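Keep in mind it's a predicted model, so treat the numbers as computed, not measured. Here is how names work: the chains are called A, B, and so on, in the same order as the sequence lines, proteins then strands, and each is numbered from 1.
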Amino acid sequence: MSRVRVLVGTRKGAFVLTSDGKRERWEVSEPYFAGWEIYHLKGSPVDPDRLYASQSSGWFGQTIQRSEDGGKTWEPVGNEFTYDGVAGTHQWYDGTQHPWEFARVWHLEPSLTDPDTVYAGVEDAALFRTVDGGRTWHELSGVRQHASGPSWQPGAGGLCLHTILQDPSNPERIFIAISAAGAFRTDDGGQTWRPINHGLHSEGIPDPNAEVGHCVHRLAMHASRPGVLFMQKHWDVMRSDDSGESWQEVSGNLPSDFGFPIDVHAHEPDTVYVVPIKSDSQHFPPDGKLRVYRSRTGGNEWEALTNGLPQSDCYVNVLRDAMAVDSLDSCGVYFGTSGGQVYVSADAGDNWTPIVSNLPAVLSVEVQTLP
Amino acid sequence: MIRVVLPAHLRTLAGVHGEVELEVEAPITQGSILDALEDRYPMLRGTIRDHATQRRRPFVRFFACEEDLSHEPADAPLPDPVAKGAEPFMVVGAIAGGG
């Protein structure tokens, strides 16, 4: 019988939650890397017991951990993220130019085909890659050295490259997103990049329709239809049907189109999930009701999913990397909150139950579907 | 032997318990101790001092003989009791609060 392994990164460690395919009874691990911030951990699609974790600390900086046994044991691997060549500068809050400075790894995206190859999205925004299982990391500097780079500004969370999507039909094509620069695409395996933000409209920047400068929070794609992208922007839920060449707003009837995560059902490419958040200053759900919204039409028409979720006095946030889906026949949907809850729905969002309720603030949730 | 005390998180990362003892070639300085420490425990590279600049990370301090030596030059000789192994060189995570 199939089983699932949920990888949870929190402000104070990582947790591994496991269950059989029913997803009713769960085992919750002890904290791994207790006391450290775990921005993200993720398994290799081709070797699910090979996991990578981003471990960081305000005191001791960045470490990368690797597991060969599905998270039971870990070993530290390479943690040197040195920008390629002259690091250069980007725009700072006060309008001056500020040197590019490595702060942390936000997101680790293992290759679709090689367990030793992993992409890392970092703050200050850059894309790194290892091809030796994490021992050494090298920057794909075409991102940072894009002509618009000096104009990029950090959002409140930092100038972070947080989303990496590999096109399963074209190994040369990768999509990334940076707060607050926007979405970018490479069609040559990461050497050169160009912004793909046409159609985005952001009132908070001097030119609302600028080519770069948009605070993209998350991108999502269904593997069977990689030319269709969904985006949760700072405000607005967007859709592209041409690999990011152009975007249309699909916020429709959402109670708020601000939010962080967005994800796609494992078997239905037009079924999309978001978690509306009241506003950029009030990082909690509208009306104190924690509601996941699901569209079965690829956007515009959204339904609230509330069964099992708190519908009063709830003021948690759900961060951009904190939602995932499994690939069991009845698609499971998972998300974690700033209040330390991790919820699961084993029926594509119709009903929810907490797996755990009192973890440290959740930064990321990934799920692995195992034989 | 040079004695080094690491903060708990770095002991966990390096997989050590208690003090670390290191053979360090003279002169005994912050730099020479940290070089030897990182040679023995490569996973500590970047956690005490920056990979590129080799500067002490902001919330890490160096104490010895009841003195804060954090602002001493990396190549300045450390006190004799440290060089003779009578006193440990202490790497300390600053009391800096945070989340």
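- Only the side chain of A:Thr63 comes within less than 4.5 Å of a heavy atom of chain B; its backbone N, CA, C and O stay farther away.
- For B:Pro7, the part sitting under 4.5 Å from any heavy atom of chain A is the side chain, from C-beta outward, and nothing else.
- Contact count against chain B (heavy-atom pairs under 4.5 Å) is highest for A:Gly58 among A:Ala361, A:Gly78, A:Gly58.
- Scanning both residues, A:Pro76 and B:Met43, for their nearest heavy atoms gives CG-CB, 3.6 Å.
- For a residue to count as touching a neighbouring chain, one of its non-hydrogen atoms must lie under 4.5 Å from one of that chain's; by this rule A:Gln65 touches chain B with the side chain only.
- The number of heavy atoms from other shown groups lying within 6.0 Å of NE2 (B:His17) does not exceed 12.
- Of the two parts of A:Gln55, only the side chain, counted from C-beta on, holds a non-hydrogen atom closer than 4.5 Å to a non-hydrogen atom of chain B.
- Here the straight-line distance linking atom CH2 of A:Trp74 with atom CG of B:Leu13 works out to 13.5 Å at 0.5 Å rounding.
- At most 12 non-hydrogen atoms from other residues, nucleotides or ligands lie less than 6.0 angstrom from CG of A:Asn358.
- With contacts defined as side-chain heavy-atom distances shorter than 4.5 Å, the pair B:Ile48/A:Phe60 does not qualify.
- Only the backbone of A:Ala34 comes within contact range of chain B, judged by heavy atoms closer than 4.5 Å.
- Residues B:His51 and A:Asn79 have side chains in contact (heavy-atom distance under 4.5 Å, counting atoms from C-beta outward).
- A:Trp59 and B:His9 share no side-chain donor-acceptor pair at under 3.5 Å.
- Remark: B:Phe59 CZ is loosely packed, at most 12 non-hydrogen atoms of other residues, nucleotides or ligands lying under 6.0 Å away.
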